[in-house]
Amino acid sequence: MTDLLSEARTGFEERFGYAPGGIWSAPGRVNLIGEHTDYNEGFVLPFAIDRRTFAALALRDDGLVRVASSLEDEAVEVGLTDASPAVVKGWAAYPVGVAWGLGKVGADLAGLPGFDVYFASDVPLGAGLSSSAAIESALAIALNEVWRLGFDGARLVEAAHLAENDFVGAPTGILDQSASLLSREGAALFIDCRDGSSEPVDLALEASDLAILVIDTKVKHEHVSGGYAARRASCELAARELGVAALRDVTIEQLLEARDRLDDETFRRARHIVTEDQRVLDTVETLRTDGPTAIGDLMFASHRSMRDDFEISTPELDLAVEIALNYGALGARMTGGGFGGSAIALTPVSMLTQVQVAVDSAFSEHGYTMPEMFVVRPSQGARRDK
Ligand code: GLA
């Protein structure tokens with residue numbers, strides 16, 4: 001962590017030739033349960049992980065924005081008030097989109113100075129762990145401070161979410177930005193995506209001798225196009241057919257009664273959302289009453305629903321989940337948007353090695369790319385580090 005902090009500072013100095021004014025950071029996330037429910041105005045339960053993106057930043061005395069990172073050789077330059085989705089492409093659209101998004105939620109960009117920013121990160125890219133939300137959130141919290149905007153967390157979530165939806169063009173919900181900006185150490189964040197309200201739910205993993213193991217299948221996912229947008233369209237179609245604002249408003253009984261009004265695929269997409277919302281509520285309740293050892297079945301039920309009804313899993317994710325469960329995990333599921341990325345396995349600490357060895361050998365037997373596995377700890381959301 002400290003290494004990344006100095007990497008961000010040194011990177012900034014080498015790229016821009018002077019010292020940054022401060023360093024801020026924001027984490028990636030895993031979602032414990034509640035997948036694709038966010039844009040259906042339902043419930044999610046993510047937590048921020050101990051992998052972060054650091055943003056070293058300084059204000060300029062003109063209106064220019066320069067963004068650079070350890071991943072790219074070139075810095076991208078654009079005028080603060082000229083930034084538009086048509087002008088900025090590639091990864092730079094995430095940070096530039098945040099400045100633009102802050103303008104959309106009330107910052108007066110014409111009256112504000114530009115900035116130089118350099119990013120260094122250990123959130124793996126394309127692993128379904130929200131590397132993009134980590135960039136957005138680190139910059140949002142930095143600009144909120146140096147521009148003296150005084151926006152609360154919910155408004156920063158809105159700005160970062162606008163960046164992703166309207167600047168980058170990925171039709172995602174508020175899960176990732178909320179988790180990265182608002183999470184508390186040691187807890188998951190229970191979010192009601194209808195009004196954006198959230199509360200921490202104690203995870204008590206260590207006290208129960210449990211760990212969350214991430215199994216990154218190395219199958220890269222992409223949310224700007226394709227399956228993610230198609231799933232969202234199916235959910236919106238189902239809500240329209242059922243005459244509700246969002247699938248959040250449908251109970252499982254109502255959905256079953258209305259089965260004839262939906263084609264089979266749309267029905268199964270909706271059934272995932274409606275049952276997943278209930279599983280999030282049940283998980284929160286179970287964590288509070290019985291602790292984390294008792295949530296394993298809910299996690300696997302969620303995975304089955306994503307595999308069979310929502311159809312966003314992959315053979316690699318299914319194998320990771322199956323093997324983890326067979327070799328000692330209490331619960332396992334794919335996490336994030338799907339079509340690749342990572343699974344998580346709730347695993348007794350004493351079984352971690354056994355699970356990893358078994359997953360490795362199963363992947364090698366199937367001829368799959370070798371997965372990367374690591375334990376993640378529930379960590380603090382976005383903050384100033386220096
Ligand atoms: C991606 C999106 C989120 C959410 C998840 C699925 O991570 O960015 O908004 O929809 O997929 O739960």
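Numbers for residues simply follow the sequence, beginning at 1. Counting starts at 1 for both ligands and their atoms, in listed order. Every value quoted in this text rests on a predicted model; they were computed, and no experiment measured them. Below, all heavy atoms of this structure are taken into account, side chains as well, without hydrogens, waters or symmetry copies.
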Looking at G173, which atoms of ligand 1 are within less than 4.0 Å of one of its heavy atoms? 9 (O)

Atoms of ligand 1, numbered as shown, that sit under 4.0 Å from any heavy atom of G336: 6 (C), 11 (O)

Of all the atoms in ligand 1, which lie at a distance below 4.0 Å from a heavy atom belonging to R29? 7 (O)

What's the spacing between E7 CD and F54 CZ if we round to 0.5 Å? 10.0 Å

May I ask you to check if ligand 1 and E35 share an N or O to N or O distance below 3.5 Å? yes

Check ligand 1 against L175 and write out every atom of the ligand that is under 4.0 Å from a heavy-atom position of the residue. 4 (C), 5 (C), 12 (O)

Judged by atom type as modelled, is there a donor-acceptor pair below 3.5 Å linking the side chain of S6 to the main-chain atoms of D3? yes

Are any of the N/O atoms on D38, whether in the backbone or the side chain, positioned under 3.5 angstrom from an N/O atom of ligand 1? yes

For T172, does its backbone N or O pair with a side-chain atom of H161 as donor and acceptor, under 3.5 Å? yes

Let me see the working for Y228 and Y39 under ring pair (Phe, Tyr, Trp, His ring centres under 6.0 Å), right down to the final yes or no. CA-CA 11 Å; Y228 186 96; Y39 57 77; 5.6 Å; yes

I'd like to know whether ligand 1 has R232 as a neighbour, heavy-atom separation below 4.0 Å. no

Can you tell me if D61 has over 12 outside heavy atoms packed within less than 6.0 Å of its CG? no

Do you reckon L109 sits in the same ILVMFWY cluster as V76, going by side-chain contacts under 4.5 Å, direct or chained? yes

Can you measure from CG (D122) to CZ (R51) and round to the nearest 0.5 angstrom? 5.5 Å

Is any N or O atom of H36, backbone or side chain, closer than 3.5 Å to an N or O atom of ligand 1? yes

Using a 4.0 Å cutoff against the non-hydrogen atoms of D176, which atoms of ligand 1 qualify? 1 (C), 2 (C), 3 (C), 7 (O), 8 (O)

